[in-house]
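First the proteins, then the strands, lettered A, B, ... as listed; each starts at 1.
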Amino acid sequence: MSLKQDNRFQAIIAHAKEYGFVFPSSEIYDGLSAVYDYGPYGSELKKNIKDYWWKSMTQMRENIVGIDAAIFMHPTTWKASGHVDNFSDPMIDNKDSKKRWRVDHLIESYANTLKEKGGEDEKKAEQLLATMDALLAKDDFVGLKNLIEDNKIKGPISGTTNWTDIRQFNLMFSTQLGSVAGDAETIYLRPETAQGIFVNFLNVQKTSRLKIPFGIAQIGKAFRNEIVARQFIFRMREFEQMEMQFFIRPGTQKEWYEYWKEERLKWHLSLGIPKESYRFHNHTKLAHYADAALDIEYDFPFGFKEVEGIHSRTDFDLSNHQKYSNKKLTYFDNEINQHYIPYVIETSIGLDRMFLLILSYSYDEEVINKEDGTKDSRVVLHIPEIIAPIKLAVLPLIKKDGLPEIARKLIDECKPYFRCFYEEKDTIGKRYRRQDAIGTPYCVTIDHQTKEDNTVTLRYRDTMVQERININAICEKLKERFII
RNA sequence: GCGGAAGUAGCUCAUCUGGUAGAGCAUCAGCUUCCCAAGCUGAGGGUGGCGGGUUCGAGUCCCGUCUUCCGCUCCA
């Protein structure tokens, strides 16, 4: 990361706090690590991003419907999804290299080196793995550590056997359901929203009378106990996902995967963000549920990073839920006269990451050449106007002579359609700058001439160009532009 | 989680080797009546991240802790 990019990221974080977009959570108590709150303009922007996504995925498509599932789910859900088995791994740290390893990976790689030697060592390796599996099944961490020490397994980096104790890291947050301590059942805060869709698959399909291919969309919070959560709102422990699971006939997953890959990129580009800022990253190492997966990456100030994932999830989730629940989760396809468990293509975008993407894209420190030859500067957020927190600021040039009254009247006319802002304090230039800093795309200034001929100045955020137009045309002209 | 750095007003920072905390900007009120920040007057705002220790006395020295940033690690 270059110094310049680093500074830019710091500036964006500071700007987000100063102008009421994002605050550290519980800040008066020193904050809570990797948890953030959205302020007045932030919550407005976040809501607009949600609406923009929701409309494009549901309202604009006949075959996708939405749901809003609970964060708490039956504990067996997470056994079926693979989260319990795959994401609660015992880990061990090498004190010299300061590197952390998954215990099973460490022992397996040692066993592999033994196997390559052949002969006696090959047998020893198999025995080692068998012992390891037995210990893992019992969660016997002391036994596992002894196993590592007895075999003198070395850290691949340091080459030493100076190990910490083995500790369990679980990605899922747990809590107790039921107020009576003894009867309480451990349940988890969902680590992804997808499972709420899968367990409701038949409910939704039947009540909405949907035919494959169809999709179910959902926006909601998910929780992951990341070992290291950092980079502002990019990786948080509590975050919000916008995802859609698209149910298809088995065997058609390749074409639908390609379809959604392109559709989702189009959505990003529709906000006016340049194509060069995006790239696809194909996964070579696939997750336990996927047969193909890619990330849509954005060029953040700290490099290209994932903002959205497209995953071909096969029938992994529905099959497993069928297995664990003993409920049939098949679909009858009239066209081919067959029952089957549908395959799934998932599109999953991090709402908070999208928010950060918009800030990163929008934030700009401009130098302006003034008419008198001197230089000036401004900080401006070029937020795509359709998702801007405030759409229009109405500013009386001075706060008397009846100008405020005219301004209020214009706001009353516009506010049913889009968010407006009124301000009469400070010089007009200063007020323009404040609106630039929160990304307001349009400002209208009421002056004395307004009283004579009903015209006002309409000022554009990005170009700073001003034009004189009739006050009665403002609302009509703008409201069309802000329909999400 | 490990290592490094930092934490003083909303923001940016100052306070020489320990001696009762200061500026600019911002905010608010008033004046000015202005079409692209930085005009005038006044006001509010800090138990120096938090806790403990050393000292007659700690923002300043020591320990702990929390948070943030950087590097490593993790990221279905």
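Across A:Ile471 and A:Ile406, no two heavy atoms sit closer than the pair CD1-CG2, 3.6 Å.
Between the side chains of A:His83 and A:Gln195, no donor N or O sits under 3.5 Å from an acceptor N or O.
Side-chain atoms of A:Arg459 come within donor-acceptor range of the base of B:rC36, with a qualifying N/O pair under 3.5 Å. Side-chain N/O atoms of A:Thr427 and base N/O atoms of B:rC34 include no donor-acceptor pair closer than 3.5 Å.
Ion pair A:Arg431/A:Asp436 not flagged as a salt bridge, since none of the NZ, NE, NH1 or NH2 atoms sits closer than 4.0 Å to an Asp/Glu carboxylate oxygen.
Searching all strands for a Watson-Crick or G-U wobble partner of B:rA14 with both distances below 3.5 Å returns nothing. When both pairing distances are held under 3.5 Å, B:rC72 makes a Watson-Crick or G-U pair with B:rG1. B:rA21: no Watson-Crick or G-U partner with both key distances under 3.5 Å is found in any strand. Nucleotide B:rA6 has B:rU67 as its partner under the Watson-Crick or G-U criteria, with both atom distances under 3.5 Å. A 3.5 Å limit on both hydrogen-bonding distances identifies no Watson-Crick or G-U partner for B:rG46. Judged by Watson-Crick or G-U wobble contacts below 3.5 Å, the nucleotide B:rU41 has B:rA29 as its partner.
Side-chain N/O atoms of A:Lys399 include none lying less than 4.0 angstrom from OP1 or OP2 on B:rU32. Of the side-chain N and O atoms in A:Lys17, one or more sit less than 4.0 angstrom from OP1 or OP2 of B:rC11.
As judged by a 4.0 angstrom heavy-atom cut-off over every strand, A:Leu397 is placed among the base-contacting residues. When heavy atoms are screened at a 4.0 angstrom cut-off, A:Arg434 is found touching the sugar-phosphate backbone but no base atom. Among the protein residues, A:Arg468 comes within range of the nucleic acid bases, having at least one heavy atom under 4.0 Å from a base atom. A:Glu18 comes within 4.0 angstrom of nothing in the nucleic acid, heavy atoms only.
Relative to the side chain of A:Ile428, the nucleotides B:rC35, B:rA76, B:rC70 differ in distance, and B:rC35 lies closest.
Judged by a 6.0 Å distance limit and a 45° cone about the ring axis, A:Arg313 is not positioned over the six-membered ring of A:Tyr343.
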May I have the step-by-step check of side-chain contact (heavy atoms from CB on, under 4.5 Å) for A:Ile49 and A:Trp53, ending in yes or no? CA-CA 6 Å; A:Ile49 295 171; A:Trp53 182 87; 5.5 Å; no
